[in-house]
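Worth knowing before you read on, the calculation uses all heavy atoms, side chains too, and leaves out hydrogens, waters and symmetry mates. Chain letters run A, B, ... following the sequence lines, proteins first and then strands; every chain starts at 1.
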4 protein chains.
Amino acid sequence: MTASTPPGKSLRPRLRADAARNRAQVLAAARTAFRELGTAAPLDEIARRAGVNIATLYRRFPDRDALIAQVVLDGFAVVLDAARTAAQTARTDPLGALETFMLSLVDNRETLVLPLIGGPVTNDPQARDLQRQIAAALEEVLSAARARGAVRPDVAAVDLITTAALVCRPLPHLPQQQAATLVTRHVGIFLDGLRPNTTRQLPTAPTHEEVAVHLAPGPPEEAPPSAASDR
Amino acid sequence: MTASTPPGKSLRPRLRADAARNRAQVLAAARTAFRELGTAAPLDEIARRAGVNIATLYRRFPDRDALIAQVVLDGFAVVLDAARTAAQTARTDPLGALETFMLSLVDNRETLVLPLIGGPVTNDPQARDLQRQIAAALEEVLSAARARGAVRPDVAAVDLITTAALVCRPLPHLPQQQAATLVTRHVGIFLDGLRPNTTRQLPTAPTHEEVAVHLAPGPPEEAPPSAASDR
Amino acid sequence: MTASTPPGKSLRPRLRADAARNRAQVLAAARTAFRELGTAAPLDEIARRAGVNIATLYRRFPDRDALIAQVVLDGFAVVLDAARTAAQTARTDPLGALETFMLSLVDNRETLVLPLIGGPVTNDPQARDLQRQIAAALEEVLSAARARGAVRPDVAAVDLITTAALVCRPLPHLPQQQAATLVTRHVGIFLDGLRPNTTRQLPTAPTHEEVAVHLAPGPPEEAPPSAASDR
Amino acid sequence: MTASTPPGKSLRPRLRADAARNRAQVLAAARTAFRELGTAAPLDEIARRAGVNIATLYRRFPDRDALIAQVVLDGFAVVLDAARTAAQTARTDPLGALETFMLSLVDNRETLVLPLIGGPVTNDPQARDLQRQIAAALEEVLSAARARGAVRPDVAAVDLITTAALVCRPLPHLPQQQAATLVTRHVGIFLDGLRPNTTRQLPTAPTHEEVAVHLAPGPPEEAPPSAASDR
DNA sequence: CATGAATGAGCATTCATTCAT
DNA sequence: GATGAATGAATGCTCATTCAT
């Protein structure tokens, strides 16, 4: 599923080939720039990286938030893909499905801009819808697993989402490889923590609706540390 | 241990009372501003929150990085405190010590600015030293736990630090209470994942030196999402 | 020769008409502002005088030094013009050529920002090159004059350049007219001092290279007196 | 004659020893700072160079202009000294006296802050008075020289003052030694230009009153070139 | 459609000056 | 008398955004 070029139902009347290419390049540049510099990254820096003029960027995305929104939607689409794949194999191997799901996100970390909880926010109904679908698919996986006694009964889809949100954020100052190792270890331990026969009790999970309801307007998030000197 | 007012060994010849108060207020304001707006938060916003003039802020901290550095050092100091406390009870109850350590960080999340891996970086030797001490204390706890077979043998101090780094970052767009619940659940599952009799194998952990060596110059980090419109 | 719009060999791909006009206005404003307020003149003051926004100024000249450099280059171009004119008539009337050269600079004083020695510095290779050409042209004039016994044999091009540098700097606190009279008298006496049959011996002149070699990094220069109150 | 500690007639009730030392250090620091950075040099930079606190500087000199004024007065006093010395030997050797006068100023260039025309302005009556005395002494030298036919008849005291003003300004970007050589050569040629049997006619000189009358409020002067980057 | 150019507004930083110790 | 500290006000510079080509 191509994330950034939503199906024909879109209002967009189908772009000219070069315009579509520019749009894709802007999104790609935004993705990396947002991860490296934060979502406050200068828009002309993004335009430069995309090899287009700043005005071209503005033609496609009326403001920063529109750009962020699209990047996030693209991220959600990737996650939804993974979640659906997991749902498909849930019947036969729910634990393996879970593991594959989490690790595929870790692998795609670099192209995901903080999707899910913790990411930049949009009150876009599409985003809401995608989140709902993601939660549903994961819940499906979990109930299959619970039915087999493969996971602790108190784990919820929101826990998987939280984990994804935490581990997909950039770990700056660490080389790619090392960051990947550390995060993979973390996910491994987390997955082991999903086994049944738990020793400890978790606080009650919020429902998906409780979480989603806050995804709309929301307060800003954290920012980049300016390793050496911000500007 | 008072973090922001290091003992007399400091070069600073002891501040006048009012100056010290101002300095502390600036640091407190910076802490929250950094969490809410990112480390690129406007410095005059920080000064305003602290109730001092921007020039006063500059008198204490010659530039943004100096301010970040101090905030991070303070964060490290808090973590070191917690780690040492854990080390003290490690003999009698290593698992409890671990749990208390992790949860105390979650509780203090709000006053910690991305300490440890993933936080804003400083090549300050003090920061290095604190990190080293933190790692040492945690290793002490872990070896006590391993000796009793209370934890899986392949877990390392760096895993605890990674986890702390991940869960201490702000989860914007979520109300405090909910964020706390989600993170606490995550930590709970993670802790359960530390039990022995593991089902899965973790990739080899990097040594503390490998991780620390990258804490110096480092590339920038992630950034704020600009919920509505950044500027 | 149009000083500020170097021929097509320039990298600049030819400015749009309005942009070129703005650029010229900025340079003109800078010229007078630098003379009146020093090269530390507020850049927004310059922008205001030029009737453009400060950001427009920055678009053309990335920083103060770039602006200074261009103003100086323009000054050098004017001087080179004069020197070449002098060289052309040197054969027939070397003394007259010298006099015309010096007085033309005095006349253009107002549009020259400390060109030559003593002016703001640039390590721009173009500047170096212009200086070299100026020195060469003047040397040509002088050798023609020396050949006829029209000037003392120990005078060098560097002396003419020094004199130009000295007399082209603003004499603040004096009305234009009076400053012009005083400087013209000074130049007149200086020119008379160039006659042969000298009574006194001059210290050995540095070579042009010796002088030029110091034009690169260089320490700052003198500054404005702040007639009433600088700020 | 000690310039910066004017005779007892001063209003200042005689400073305590350490205060007097501080005052002298501030003036010395101001002298060099003004030459290096312009008269807009940061006052706290001057205080730092003087080794005193900025508030101490303010205690002695209520504002920048007061400091400038004193520095200029000191400069005038040095010039007056030299002019009087010249007047004393004018009877026996007027030309030598002139030469010695000019060269002594060149030698003291470094400690003179733009004295005379072209320097920072003061409406201080003391400054006026000093200038008058300087002009008188120089006129005395010149008339002795004219009487002997040792100089052209059309040279006036104002020409000497103009020349002094021109050559005493810093020539930045040139090493001390080279600047000295160039300026000395210039003065040498100028002095040779003072001989009688002139070939050219000078424009009529303004009277000393005409010149002095403009020394009061006056527009600002030129400024420092910011060799590399102003700030 | 794409771009060069212009603008206004924000933020960092510095400095003169005053105040309290 | 001297100093550390605080402040307000400039100024430099950058960026989002709009306009004209």
Side-chain angles (χ1 to χ4, degrees), chain A residues 15-20 22-23 40-47 52-60 62-64 229-231, chain B residues 12-23 40-47 51-64 226 229-231, chain C residues 12-23 40-47 51-64 226 229-231, chain D residues 15-20 22-23 40-47 52-64 67 229-231:
Chain A
L15 292 174
R16 231 167 58 185
D18 56 345
N22 282 347
R23 184 171 182 280
L43 292 187
D44 54 5
E45 167 70 14
I46 293 176
V52 305
N53 187 280
I54 175 69
T56 300
L57 182 155
Y58 268 92
R59 165 170 290 273
R60 288 300 151 229
D63 57 18
R64 174 188 298 279
S229 167
D230 244 345
R231 317 203 149 213
Chain B
R12 232 172 298 113
R14 189 166 298 297
L15 290 176
R16 233 163 60 181
D18 54 347
R21 188 168 359 100
N22 283 346
R23 185 171 182 277
L43 293 187
D44 54 3
E45 168 70 14
I46 293 177
V52 304
N53 187 279
I54 176 67
T56 298
L57 182 156
Y58 270 93
R59 163 174 276 268
R60 289 298 152 228
F61 305 98
D63 56 20
R64 175 187 297 280
S226 91
S229 170
D230 243 347
R231 320 205 147 209
Chain C
R12 231 172 297 109
R14 190 165 299 298
L15 290 177
R16 234 165 58 182
D18 54 345
R21 186 166 4 96
N22 282 346
R23 184 171 183 279
L43 292 188
D44 55 1
E45 168 70 15
I46 292 177
V52 304
N53 187 280
I54 176 69
T56 299
L57 182 155
Y58 271 94
R59 163 174 275 268
R60 289 299 150 229
F61 305 98
D63 57 18
R64 174 187 298 280
S226 90
S229 169
D230 245 346
R231 319 204 147 208
Chain D
L15 293 174
R16 228 166 62 184
D18 56 343
N22 282 348
R23 185 172 182 277
L43 292 187
D44 53 5
E45 168 70 15
I46 293 177
V52 304
N53 187 281
I54 176 68
T56 300
L57 182 154
Y58 269 91
R59 166 170 290 271
R60 286 302 149 229
F61 304 97
D63 56 21
R64 174 187 298 278
L67 181 54
S229 169
D230 243 348
R231 317 204 150 213

Defining pairs by Watson-Crick or G-U wobble geometry with both distances under 3.5 Å, how would you list the stems of DNA chain E with at least three pairs each? E:2-21 with F:2-21

F61(D): what forms a side chain to side chain contact (heavy atoms under 4.5 Å, CB included) with it, not counting sequence neighbours? R23(D), V26(D), L27(D), A66(D), L67(D), Q70(D)

Write down the distance between OH (Y58(B)) and C1' (dT14(E)), rounded to a whole number of angstrom. 9 Å

Partners meeting salt bridge (charged side-chain N to carboxylate O under 4.0 Å, His left out) with D63(B) (sequence neighbours left out): none

Round to the nearest Å and state the distance from D44(C) atom CG to dA10(F) atom P. 11 Å

For R59(A), check side chain to side chain contact (heavy atoms under 4.5 Å, CB included) against everything at least two apart and list the hits. none

Under-3.5 Å N/O pairs linking protein and nucleotides 2-6 of chain F:
from   : atom 1 : to     : atom 2 : distance (Å)
dA2(F) : OP1    : N22(D) : ND2    : 3.0
dT3(F) : OP2    : N53(D) : N      : 3.3
dT3(F) : OP2    : T56(D) : OG1    : 2.8
dG4(F) : OP2    : N53(D) : ND2    : 3.0
dG4(F) : N7     : N53(D) : ND2    : 3.4
dG4(F) : N3     : R16(B) : NH1    : 3.4
dA5(F) : OP2    : R59(B) : NH1    : 3.4
dA5(F) : O5'    : R60(B) : NH2    : 3.4
dA5(F) : N7     : R59(B) : NH2    : 3.3
dA6(F) : OP1    : N22(B) : ND2    : 2.4

Applying salt bridge (charged side-chain N to carboxylate O under 4.0 Å, His left out), can you list everything that pairs with D18(B), at least two apart in sequence or on another chain? R16(B)

What is the distance, to the nearest angstrom, from the CG atom on L43(C) to the P atom on dA12(E)? 20 Å

If every non-hydrogen atom of L57(C) is compared with every non-hydrogen atom of A47(C), which pair is closest and at what distance? CD1-N, 4.0 Å

Any side-chain heavy-atom pair from L43(D) and R64(D) closer than 4.5 angstrom? yes

In whole Å, I'd like the distance from the CG atom of L57(D) to the C1' atom of dT18(E). 14 Å

Between P of dA16(E) and CD of E45(D), the distance in whole Å: 10 Å

Grab the CG-C1' distance between D63(B) and dC11(E) for me, whole Å please. 15 Å

Starting at CZ of R21(C) and ending at C1' of dG4(E), how long is that distance when rounded to a whole Å? 15 Å

Gap between atoms CZ and C1', on F61(B) and dT13(E) respectively (whole Å): 16 Å

Distance col, row D44(B):CG vs Y58(B):OH, nearest 0.5 angstrom, shows 8.5 Å

